[in-house]
Protein chains: 2
Amino acid sequence: MRIGQLAQLVGVETQTIRFYEQQGLLPPPDRQDNGYRVYTEKHGEGLAFIRRCRILGLSLAEIHELQSYQDDPHQPCTAVNALLDDHISHVRSQITALQALEKQLVSLRASCNDDREVEACGVLAGISEGNMHQL
Amino acid sequence: MRIGQLAQLVGVETQTIRFYEQQGLLPPPDRQDNGYRVYTEKHGEGLAFIRRCRILGLSLAEIHELQSYQDDPHQPCTAVNALLDDHISHVRSQITALQALEKQLVSLRASCNDDREVEACGVLAGISEGNMHQL
DNA sequence: TTTAAACTATAAAGCTACTATAAGGTCAAT
DNA sequence: ATTGACCTTATAGTAGCTTTATAGTTTAAA
């Protein structure tokens with residue numbers, strides 16, 4: 001299987017596959033005489049694993065860490081669970097921050113309507129006056 | 001006022017100030033004979049505006065757009081409001097996506113406990129098996 | 001007065017996770 | 001013979017800074 005087929009199968013671009021190889025997330029495949037990469041099913045699974053991790057929001061470094069655990073299957077999986085717990089709390093704090101932000105933006109938006117000139121715009125005034133407790 | 005004082009006043013790093021200048025978000029200040037930048041209160045207000053926009057999650061391009069409206073104060077402020085509305089809906093879709101992600105992560109986490117070996121880890125199995133409807 | 005700390009300057013590289021572009025080699029079909 | 005689809009490497013671009021390198025300037029202490 002060549003790189004284009006693998007890319008289509010998993011739904012990524014060929015450059016992304018080369019990029020993962022370069023980053024050490026995918027093992028370097030064998031090459032044909034002409035230099036073309038030849039992939040096996042194993043590579044497909046590895047790539048799918050990476051993609052699923054990315055969909056879950058894990059960083060390449062975290063994926064690398066997970067792979068290192070997979071390479072040593074008789075350890076306890078405490079570290080895997082801890083990694084996920086950390087990620088969950090990271091996601092939760094992002095949600096909380098964004099919800100606070102949304103509230104702020106909505107209240108800022110409520111301070112203006114479309115019938116004003118920029119000079120009297122409540123939104124711009126709200127940002128400029130700095131009645132935001134963060135600053 | 002020199003760059004260090006301005007930085008401390010607004011709570012950013014000096015490099016960030018130079019970066020904003022380079023990006024055209026802060027007007028180039030006058031220089032002393034030795035080449036040091038000299039800032040006025042105006043610059044302080046401009047920088048504070050930028051920082052508040054950043055805290056609200058606006059991109060540098062969006063900030064630039066807002067500044068262009070400020071430079072032309074007798075337009076209607078429709079565009080300002082539209083920019084904010086777009087940003088609010090962007091933030092809302094981020095929240096929605098993260099909430100869906102959190103749900104997925106929590107259910108994945110529930111499939112394991114700390115008393116297993118990596119080989120039998122429910123989390124790794126869950127990612128590997130690909131019973132995630134995205135892929 | 002010298003010297004060291006603290007400040008300033010510019011330019012360039014590093015960060016994340018790709019994506020895009022350039023310039024070229026390979027292969028099957030026409 | 002040439003077109004088109006595929007492959008190769010290397011390099012640059014994205015966002016918003018941060019870091020590093022190198023060097024000149026000011027200020028305070030010894």
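In what follows, chains carry the letters A, B, and so on, assigned in the order in which the sequence lines appear, proteins first and then strands, with residues in each chain numbered from 1. Keep in mind that the numbers below use all heavy atoms, side chains included, and drop hydrogens, waters and symmetry copies.
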*asked:* So B:Arg37, base contact, sugar-phosphate only, or nothing? Heavy-atom distance under 4.0 Å.
replied: sugar-phosphate
*When the distance from CD1 of B:Ile17 to C1' of C:dT8 is rounded to whole Å, what number comes out?*
12 Å
_Please confirm whether the shortest side-chain N or O distance from A:Arg54 to OP1 or OP2 of C:dC18 is below 4.0 Å._
yes
*What integer distance in Å separates A:Leu6:CG from D:dT8:P?*
11 Å
*Return the nearest nucleotide to the side chain of B:Arg51; candidates are D:dC17, D:dT18, D:dC7.*
D:dC17
*Could you tell me whether A:Arg2 and A:Asp30 make a salt bridge, using a distance below 4.0 angstrom between a side-chain N and a carboxylate O?*
no
*Given C:dT8, C:dC18, D:dT9, which nucleotide is nearest the side-chain atoms of B:Arg18?*
C:dT8
_Go nucleotide by nucleotide along DNA chain C from the 5' end; which of A:Gln32 and B:Tyr39 gets its closest nucleotide reached first?_
B:Tyr39
*Tell me: CZ of B:Arg31 to C1' of D:dT25, nearest whole Å?*
14 Å
*With no hydrogens and no angle check, do the side chains of B:Tyr20 and B:Arg51 hold a donor and an acceptor under 3.5 Å apart?*
yes
*asked:* Can you measure B:Gln15 atom CD to C:dT8 atom C1' for me and round it to whole angstrom units?
replied: 11 Å
*Side chains of A:Phe19 and A:Leu60: closer than 4.5 Å at any heavy-atom pair?*
yes
*Closer than 4.0 Å, any side-chain N/O of A:Thr16 to the OP1 or OP2 of C:dT19?*
yes
*Return the value, rounded to whole Å, for the distance between atom CD of B:Gln5 and atom P of D:dT27.*
11 Å
*Hey, which of these two, B:Leu58 or A:Gly4, hits DNA chain D nearer its 5' end, going by closest nucleotide?*
A:Gly4
*Nearest whole angstrom, please: distance from the P of D:dG16 to the NE2 of B:His64.*
13 Å
_What I'd like to find out is whether the side chain of B:Val118 reaches to under 4.5 Å of the side chain of A:Asp71, using heavy atoms alone._
no
*Any donor and acceptor pair, going by atom type alone, linking the side chain of A:Thr16 with main-chain N or O of A:Val12 inside 3.5 Å?*
no
*Nearest-Å distance, CG (B:Leu26) to P (D:dC17)?*
12 Å
*Nearest to the side chain of A:Phe19, which nucleotide is it out of C:dA17, D:dT18, D:dT9?*
C:dA17
*Nearest of D:dG16, C:dT26, C:dA17 to any side-chain atom of A:Tyr36?*
C:dT26
_Short side-chain N/O contact from A:Tyr20 to OP1 or OP2 of C:dC18, under 4.0 Å_ = yes
*Picking from C:dT26, D:dG16, C:dA20, which would you name as closest to the side chain of B:Ser59?*
D:dG16
_Using whole Å, what does the distance between atom P of nucleotide D:dA15 and atom CD of B:Gln23 come to?_
9 Å
*Reckon A:Asn34 has a side-chain N or O less than 4.0 Å from the OP1 or OP2 of C:dC27?*
yes
_Quick test of your reading of the model: are A:Asp86 and A:Arg92 salt-bridged, counting only N-O distances below 4.0 Å?_
no
*Would you say B:Arg2 reaches C:dA6's phosphate, i.e. side-chain N/O to OP1/OP2 under 4.0 Å?*
no
